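Everything quoted here is computed from the prediction, not taken from an experiment.
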Amino acid sequence: MTWKEIMLGQIAEFRNGLNYTKENEGTGLLMINVKDFGDRFVPDYSSLGEISAVGVNDDSFLQNGDILFVRSNGNRDLVGRSLLVEDPPANLSFSAFCIRARLSIEVEAKFYAYFFRSSEFRKRLSLLGSGTNISNLNQKVLSQISVPIPERSIQRQIIEVLSPYDYLIENNKRRIALLEESVRLLYKEWFVDLRFPGHEHVKIIDGVPIGWRRVFVPEIIEINPAERVEKGKEIRYVPMSSLSETGMTINLREVENRDKPTSGKFRNGDTLFARITPCLENGKTAYVNFLQQEEVACGSTEFIVLRGIRVSSYFVYCLARTYDFREHAIKSMIGSSGRQRVQISCFNEFQLVLPPNPLLEQFNEVARNCFESLANLQRQNDILIEARDLLLPRLMKGEIQL
């Protein structure tokens, strides 16, 4: 089936986002930035930052059905990614690195939100730029790209086919976030705030509970452990872009196969800790749980690999997410502006208090159950995403009879 095509500008109007500076610091206006796109279909409103809403024009607020595109970013692969605004909170806006598309009421916005995520659209978008990818998207480029315009009843039928996948995916993402938050809060309560089971009966001297002891990171964690890989054998490669800024999961759609490994190698249970600015400040940290037993993968040379030697992998990941650990690493950064990197030696100076083994085991038992449930949910999502993404191009080309 071949559908009629029109220019996107015939059914949508566009607006660039807000430029704001430190003078806009405050609260009241939720902001969607490039970091909030990730691999999401709709925004996670609970994780958005805020600025002051004073002086912001009403036309800068987002409405239900608006679609946002990444307009400009140092990572060319991110340009053109999109988000559908559904059931937005009041006072929601977007940054100048994004473009808003507001579609005509004569079409189904969600249908086009799906189309914008398809390989077909990405291919057309790249052809309008210079080279194989565009590094800066603008309103003119978007308005001139051709899009299909099937009958509205067909648009709605396609939405009905694809929506259940996204409902399950988003529901699993919420469950994943809650599981991770519960473990990280438990770690903080027991090992940072020192409100561990029985703390009422344990005396604390100079910040150290009786039975605990001060240790430096290298005593309990191996930094960038050495790994051997078979020469000429294909190896999976994890790019920095595949790491989340808020959680432990890795976007497997961005994982590649390579003939030659990088120097940063890791196994299941290792924590990947970004060492370069602004990736570290933005929160990029991941827990590796997608590999086969004994499989070794490699990744960006801007990762620091952390592996527990006297503590569990769960303890290591939660430590890597704590404020003190991250701030210590950030303060060690050196290099030119915009390319500063953490100094590996900084971990030799980071000290923490290590609990006795029975308490560590008690924590590990709780964390293990959460991490395993989280991994299962992520695997479910990978299957759902793969199925949806196989359907998407065929639906958008009219190849499936509805």
Using a 4.5 Å cut-off on heavy atoms from C-beta on, say whether the side chain of [Y] contacts that of [X].
| X | Y | result |
| --- | --- | --- |
| Asn172 | Ile169 | no |
| Val85 | Phe94 | no |
| Phe191 | Leu359 | yes |
| Leu8 | Ser143 | no |
| Phe97 | Val70 | no |
| Glu327 | Ile330 | yes |
| Leu83 | Arg40 | yes |
| Val161 | Ile400 | no |

Any donor-acceptor pair under 3.5 Å linking the side chain of [X] with the backbone of [Y]?
| X | Y | value |
| --- | --- | --- |
| Asn268 | Phe290 | yes |
| Tyr287 | Gly247 | no |
| Ser244 | Thr249 | no |
| Arg236 | Leu291 | no |
| Glu50 | Gly26 | no |
| His328 | Phe325 | no |
| Arg341 | Arg339 | yes |
| Ser163 | Glu160 | no |
| Arg213 | Leu354 | no |
| Lys265 | Val296 | no |

Taking atom types as modelled, is there a side-chain donor on [X] or [Y] under 3.5 Å from an acceptor on the other?
| X | Y | answer |
| --- | --- | --- |
| Arg15 | Ser60 | yes |
| Tyr237 | Thr262 | no |
| Tyr317 | Glu180 | yes |
| Gln380 | Asn376 | no |
| Tyr114 | Asp166 | yes |

How about [atom1] on [X], more than 12 heavy atoms from neighbouring residues, nucleotides or ligands closer than 6.0 Å, or not?
| X | atom1 | answer |
| --- | --- | --- |
| Phe216 | CZ | yes |
| Arg214 | CZ | yes |
| Glu200 | CD | yes |
| Gln292 | CD | no |
| Ile210 | CD1 | yes |

For [X] and [Y], which heavy atoms make the closest approach, and how far apart are they?
| X | Y | value |
| --- | --- | --- |
| Val208 | Trp212 | CG1-O, 3.5 Å |
| Ile159 | Pro164 | O-CD, 4.5 Å |
| Ser313 | Gly269 | CB-O, 3.0 Å |
| Glu5 | Pro148 | CG-CA, 4.0 Å |
| Ala113 | Leu84 | CB-CB, 3.9 Å |
| Val353 | Pro355 | O-CD, 3.7 Å |

Charged N to carboxylate O below 4.0 Å: is that the case for Glu181 and Arg184?
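Salt bridge absent between Glu181 and Arg184.
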Determine, for Arg326 against Glu281, whether the closest basic-nitrogen to carboxylate-oxygen distance falls under 4.0 angstrom.
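Salt bridge flag = no for Glu281 with Arg326.
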Step by step, work out the salt bridge (charged side-chain N to carboxylate O under 4.0 Å, His left out) result for Arg253 and Glu386.
CA-CA 9 Å; Arg253 270 75 63 202; Glu386 184 178 6; over 6 Å; no
According to the interplanar angle, ranging from 0 to 90°, do the rings of His199 and Phe196 count as parallel (below 30°), tilted (30 to 60°) or perpendicular (above 60°)?
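Rings of His199 and Phe196: perpendicular, as their planes differ by over 60°.
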Of Asn16, Asn33, Asp36, which is the lone residue that meets side chain to side chain donor-acceptor pair (under 3.5 Å) with Ser95?
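When side chain to side chain donor-acceptor pair (under 3.5 Å) is applied between Ser95 and each of Asn16, Asn33, Asp36, only Asn33 qualifies.
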Arg267 and its salt bridge (charged side-chain N to carboxylate O under 4.0 Å, His left out) partner, picked from Glu222, Glu294, Glu295
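The passing option is Glu294.
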How long is the span from the [atom1] atom in [X] to the [atom2] atom in [Y], to the nearest 0.5 Å?
| X | Y | atom1 | atom2 | answer |
| --- | --- | --- | --- | --- |
| Tyr112 | Ile67 | OH | CD1 | 10.0 Å |
| Glu365 | Cys370 | CD | SG | 10.5 Å |
| Met7 | Ile149 | CE | CD1 | 13.0 Å |
| Asn257 | Ile235 | CG | CD1 | 9.5 Å |
| Asp66 | Leu103 | CG | CG | 9.0 Å |
| Met333 | Gln343 | CE | CD | 9.5 Å |

Taking it one step at a time, do Ile221 and Thr271 satisfy side-chain contact (heavy atoms from CB on, under 4.5 Å)?
CA-CA 11 Å; Ile221 297 173; Thr271 291; over 6 Å; no
Yes or no on salt bridge (charged side-chain N to carboxylate O under 4.0 Å, His left out) for Lys284 and Glu302, after CA distance, side-chain angles and deciding distance?
CA-CA 11 Å; Lys284 283 185 175 285; Glu302 303 297 356; over 6 Å; no
Assess whether side-chain contact (heavy atoms from CB on, under 4.5 Å) is satisfied between Arg388 and Arg117, documenting all intermediate values.
CA-CA 11 Å; Arg388 180 200 65 192; Arg117 293 175 66 85; 3.6 Å; yes
side-chain contact (heavy atoms from CB on, under 4.5 Å) assessment of Leu360 paired with Ser312
CA-CA 8 Å; Leu360 282 174; Ser312 70; over 6 Å; no
Decide yes or no on ring pair (Phe, Tyr, Trp, His ring centres under 6.0 Å) for Tyr314 and Phe363, but give the supporting numbers first.
CA-CA 9 Å; Tyr314 321 122; Phe363 170 78; 7.6 Å; no
Steps toward side-chain contact (heavy atoms from CB on, under 4.5 Å) verdict (Met396, Ile158):
CA-CA 8 Å; Met396 290 302 164; Ile158 289 175; 4.1 Å; yes
